[in-house]
Amino acid sequence: MARPAAAYEVAVPPRPACAYTSCYCEENVWKLCDYIRSRDQYPLEEFYAVFISNDRRMIPLWKQKSGHGDEPVVWDYHVILLHVSSGEQNFIYDLDTVLPFPCPFDLYSVEAFRLDDGLRPEFHRKIRMIRADLYLTTFASDRSHMKDAHGKWQKPPPSYPCIQTADSKMNLDDFISMNPKVGWGSVFPLSDFVHRFGRQTDYRYSLEGQ
């Protein structure tokens with residue numbers, strides 16, 4: 001019998017206690033990584049920042065808090081945290097989902113990702129996966145992408161200072177880009193990501209049988 005998800009020890013505080021700013025998912029995930037780094041509960045190398053986008057920057061995701069009913073939200077990009085667990089199941093941390101936090105990978109895949117097969121090609125999704133320790137040392141954002149042509153905030157920014165490195169004040173586009181020759185980490189299709197980190201059993205059929 002499979003070990004219940006309750007046996008998994010959550011790596012971050014409960015969702016309401018996490019650092020969170022709406023529409024700044026890249027920073028929310030950076031803050032999660034930073035929290036995990038500050039604890040000795042899990043090796044930081046087990047965690048990955050996962051950017052979801054495509055060349056057109058139009059990616060549908062379901063079960064998002066800003067969605068309506070069963071309609072997907074189409075983001076230009078989204079960022080989640082993956083824990084490659086030593087247990088039987090990997091876990092996704094997404095502060096913008098209505099799914100559990102954290103969420104078993106297979107459940108998130110079925111409910112939030114779904115399949116590219118039924119989508120028009122321009123909506124097919126790609127993944128850029130960056131190990132958390134590398135993400136913490138390379139990511140930088142001056143939040144300029146959230147200002148309109150008049151310099152006004154489209155969404156209120158986080159209250160803490162901008163995340164910067166010694167080399168950069170703004171390199172967010174390198175992370176959103178799905179060009180494997182740019183930036184850090186590895187880039188591959190969503191289907192490869194799901195196949196690599198999901199369990200071998202087809203979770204869709206197990207859900208249908210319940």
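Computation of the quantities below employed the complete heavy-atom set of this structure, encompassing side-chain atoms and omitting hydrogens, waters and symmetry-equivalent molecules. Just so you know, residue 1 is the first one in the sequence shown, and it goes up from there.
Using modelled atom types, no side-chain atom of D148 and backbone atom of Q154 make a donor-acceptor pair closer than 3.5 Å. No donor-acceptor pair under 3.5 Å is formed between the side chain of R56 and the backbone N or O of D76. No donor-acceptor pair under 3.5 Å is formed between the side chain of Y20 and the backbone N or O of C25. Using a distance-only test at 3.5 Å, with no hydrogens or angles considered, no donor-acceptor pair links the side chain of R125 to the main chain of P189. Side-chain N or O atoms of S168 include none that pairs as donor or acceptor with a backbone N or O of T165 at under 3.5 Å. Side-chain atoms of S141 never come within 3.5 Å of backbone atoms of K169 as a donor-acceptor pair (strictly under, hydrogens ignored). N171 contributes no side-chain N or O that, together with a main-chain N or O of D174, makes up a donor-acceptor pair within less than 3.5 Å. Using modelled atom types, one side-chain atom of Q89 and one backbone atom of D106 make a donor-acceptor pair closer than 3.5 Å. Looking only at distances, a side-chain donor or acceptor of K65 sits under 3.5 Å from a matching main-chain atom of L95. Between the side chain of E122 and the backbone N or O of N54 there is no donor-acceptor pair closer than 3.5 Å.
A 4.5 Å side-chain heavy-atom check between T21 and N28 finds at least one atom pair inside the cut-off. Counting heavy atoms from C-beta on, the side chains of F91 and L81 never come closer than 4.5 Å. Looking at R131 and L44, their side chains never come closer than 4.5 Å, going by heavy atoms from C-beta outward. Using a 4.5 Å cut-off on side-chain heavy atoms (C-beta onward), C33 and I36 make no contact. By the 4.5 Å heavy-atom criterion applied to side chains, F139 and L172 are counted as neighbours. Looking at L107 and P100, their side chains come closer than 4.5 Å, going by heavy atoms from C-beta outward. Side-chain contact check for K155 versus S22: every heavy-atom pair is 4.5 Å or farther apart. Counting heavy atoms from C-beta outward, N90 and R199 have side chains that stay 4.5 Å or more apart.
Summarising the geometry of W184 relative to R128, their closest heavy-atom pair is O-NH1, 2.7 Å, with the distance given to 0.1 Å. Nearest approach of R143 to P161, heavy atoms of both residues: NH2-O, 3.3 Å. Heavy-atom minimum distance, A11 versus Q41: CA-OE1, 3.7 Å. Of all non-hydrogen atoms in V12 and C18, the two that sit nearest each other are CG2-SG, 4.1 Å.
A salt bridge does not link K63 with D96: none of the charged nitrogens is closer than 4.0 Å to a carboxylate oxygen. A salt bridge is defined here as a Lys NZ or Arg NE, NH1 or NH2 lying under 4.0 Å from an Asp or Glu carboxylate O, and D133 with R37 fails to meet this definition. Between R114 and D70 there is a salt bridge, since at least one side-chain N of the basic residue sits less than 4.0 Å from a carboxylate O of the acidic one.
Looking only at atom types and distance, the side chain of H78 has a donor-acceptor partner in the side chain of D94 under 3.5 Å away. Y42 and E9 form no side-chain donor-acceptor contact under 3.5 Å, judged by distance and modelled atom types alone. There is a side-chain donor-acceptor pair under 3.5 Å between D142 and S144.
Clustering ILVMFWY residues whenever any of their side-chain heavy atoms sit less than 4.5 angstrom apart, transitively, puts V182 in a cluster other than the one holding I176. A single hydrophobic cluster is seen to contain both W30 and M170, as judged by linkage of ILVMFWY side chains at heavy-atom distances under 4.5 Å, directly or through other members. Clustering ILVMFWY residues whenever any of their side-chain heavy atoms sit less than 4.5 angstrom apart, transitively, puts L134 in the very cluster that holds V79.
The NZ atom of K147 lies 11.5 Å from the NE2 atom of H145; values are rounded to the nearest 0.5 Å. To the nearest 0.5 Å, atoms OG (S86) and CD (E46) are separated by 6.0 Å. A distance of 6.0 Å separates OG of S85 from OH of Y8, quoted to the nearest 0.5 Å. Here the CG-CD1 distance, from L136 to I130, works out to 11.0 Å after rounding to the nearest 0.5 Å.
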Determine, step by step, whether E26 and Y77 satisfy the side chain to side chain donor-acceptor pair (under 3.5 Å) criterion, reporting the C-alpha distance in whole Å, the side-chain angles of both residues, the deciding distance to 0.1 Å, and the verdict. CA-CA 9 Å; E26 64 281 353; Y77 68 96; 2.8 Å; yes
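I52 forms part of a hydrophobic cluster together with Y48, V50, I59, L61, V73, W75, I80, L82, V84, I92, L99, F105, Y108, F113, I127, M129, F188, L190, F193, V194, F197, judged by ILVMFWY side-chain heavy-atom separations under 4.5 Å.
Relative ring orientation between Y93 and F101 is described as perpendicular, the plane-to-plane angle rising above 60° on a 0-90° scale split at 30° and 60°.
Y135 has its ring centre no less than 6.0 Å from the ring centre of F47.
Taking the centre and axis of the six-membered ring of Y35, the NZ or CZ atom of R39 falls inside the cone set by 45° and 6.0 Å.
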